[in-house]
Amino acid sequence: MKKLSILKYLLEKEFKQIKRDKFLPRIIFIIPLVQLLLLPFAANFEMKNINVNIVDNDRSEYSRRLVEKVLSSGYFRLAASSASYNDALRTVESDEADLILEIPLYFGRNLLRDGHAGLSMVANAINGTKGGLGTSYLASIIQDFIREIEMERGDGFSSAPIEIIAVNRFNPYLNYKAYMVPGIMVFLLTIISCFLSAMNIVSEKEKGTIEQINVSPVPRSVFILSKLLPFWIIGFILLTLSMIIAYIIYGLFPVGNLGVIYLFAGIYLIAFTGLGLGISSLASTVQQAMFSAFFFFIIFALMSGLFTPISSMPEWAQTMTLFNPLRYAVEVVRSVYLKGSGLVDLLPQFGAVVGFAILFNVAAILAYKKN
């Protein structure tokens with residue numbers, strides 16, 4: 001009870017400080033929301049190392065040649081060779097493959113006998129740019145394959161003997177904003193939880209108010225918790241406003257359960273607020289805290305898959321992203337928004353961020369010294 005009473009008074013102090021600061025509320029709400037309105041219009045990127053799952057129902061000489069041509073193009077990487085379309089679709093749903101190329105039974109025979117054949121392409125269009133470019137690259141390779149067969153046979157093949165049917169999954173209109181907006185929501189939560197918490201304790205050091213806390217019987221864990229909870233609450237408010245803007249401006253609403261997003265956001269905010277408070281405890285000035293937080297933030301943002309796909313990065317960089325909590329948050333929000341993924345589907349991401357939350361907050365408690 002005594003600790004709860006102390007926590008109550010400390011939280012009252014934190015919210016009064018935020019309310020009295022004329023500049024801080026503007027940083028918390030106006031700047032992030034303006035970024036949410038502008039950033040989705042500002043990015044476009046080339047794709048490579050697109051993971052393709054090939055379903056070869058024909059297994060003829062011509063189907064094998066087509067597969068070899070696709071994989072030797074430099075744009076595609078074989079993620080799997082499934083026995084059926086349903087098996088291949090599961091690899092798309094689990095993000096192991098970005099695109100499915102299905103070669104039907106009797107593909108080679110129909111191509112030789114009738115002069116035409118069908119192919120099916122299914123793209124994971126959560127990333128609209130990646131889905132669109134992937135199908136475009138693949139269609140171009142197939143057309144080149146057609147020209148090779150025509151030159152070899154020289155017996156009057158039609159100009160388009162292979163009919164290609166492309167289907168874009170999860171983002172059928174290849175809307176790049178639908179891909180960017182959920183990621184930018186996580187981006188804004190990271191700014192609030194990391195930067196503002198990084199300034200919190202060190203600003204009390206500069207004002208001299210930290211000395212009053214240090215001589216009081218306030219446990220370190222209670223003190224850190226009183227710093228964490230206000231930004232946790234503010235983060236939820238900002239997330240809700242972001243989702244409202246995403247619906248009004250971009251017409252986006254989660255296909256999956258909203259509760260999964262809020263549950264994950266709660267853990268994620270605890271993790272990054274703990275990181276910011278740890279930086280703030282170790283820094284001597286606000287400038288030191290800001291530069292340290294900026295250093296971590298830039299690395300996390302650039303290696304999160306927020307702007308460029310992780311699969312397009314070098315292998316060493318892909319390994320580093322496993323230690324990036326922002327990566328898991330981007331995956332969760334995009335999966336819930338566009339694929340309708342549930343809690344069971346996202347357990348690995350939840351487990352990773354819980355680990356980061358424990359690590360960062362234990363480090364923050366140990367870093368705070370009552371001197």
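Treat the numbers as computed from the prediction; the structure is a model and nothing was measured.
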Could you please spell out the steps behind the side chain to side chain donor-acceptor pair (under 3.5 Å) verdict for E96 and S94? CA-CA 6 Å; E96 296 173 31; S94 62; 3.1 Å; yes
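Under a hydrophobic-cluster definition in which Ile, Leu, Val, Met, Phe, Trp and Tyr are linked whenever side-chain heavy atoms come within less than 4.5 Å, directly or via other members, F291 and I191 are assigned to different clusters. Hydrophobic clustering (ILVMFWY, side-chain heavy atoms < 4.5 Å, transitive): L258 and Y268 are in one cluster. Hydrophobic cluster membership is shared by F253 and V332, with clusters built from Ile, Leu, Val, Met, Phe, Trp and Tyr side chains linked at under 4.5 angstrom. Follow the hydrophobic side-chain contacts under 4.5 Å out from M290 and you reach F295 in the same cluster. A chain of hydrophobic side-chain contacts below 4.5 Å, direct or via other Ile, Leu, Val, Met, Phe, Trp or Tyr residues, connects V186 to I237.
Enclosure of atom CZ in R77 by more than 12 non-hydrogen atoms of other residues, nucleotides or ligands within 6.0 angstrom is indicated.
Proximity of a side-chain donor or acceptor of E102 to a complementary backbone N or O of V55 within less than 3.5 Å is not detected. Side chain of W232 to backbone of L269: no donor-acceptor contact under 3.5 angstrom is found. Side-chain atoms of S280 do not come within 3.5 Å of backbone N or O of L277 as any donor-acceptor pair. Between the side chain of N53 and the backbone N or O of V92 there is no donor-acceptor pair closer than 3.5 Å. Under a 3.5 Å cut-off, the side chain of T285 and the backbone N or O of Q288 do form a donor-acceptor pair. Without hydrogens or angle criteria, D98 side chain to I50 main chain gives no donor-acceptor distance under 3.5 Å. At distances below 3.5 Å, not a single donor-acceptor pair connects side-chain atoms of D87 with backbone N or O atoms of S82. Side-chain atoms of Y75 do not come within 3.5 Å of backbone N or O of V70 as any donor-acceptor pair. Between the side chain of N361 and the backbone N or O of I270, at least one donor-acceptor pair lies under 3.5 Å.
Ion pair E331/R327 flagged as a salt bridge, since at least one NZ, NE, NH1 or NH2 atom sits closer than 4.0 Å to an Asp/Glu carboxylate oxygen.
A centroid separation of 6.0 Å or more is found between the aromatic rings of F187 and F300.
Closest approach of L138 to M121, counting heavy atoms only: CD2-SD, 3.1 Å. S292 approaches I279 most closely through the heavy-atom pair CB-CG2, 3.7 Å. Closest heavy-atom contact between C194 and L275: SG-CD2, 4.3 Å. Taking every heavy atom of both residues into account, I310 and S304 meet most closely at CD1-O, 3.9 Å.
Side chain to side chain, S60 and D58 meet the donor-acceptor criterion of an N or O pair below 3.5 Å.
With contacts defined as side-chain heavy-atom distances shorter than 4.5 Å, the pair Y262/M243 qualifies. Between I261 and P254, some side-chain heavy-atom pair lies under the 4.5 Å cut-off.
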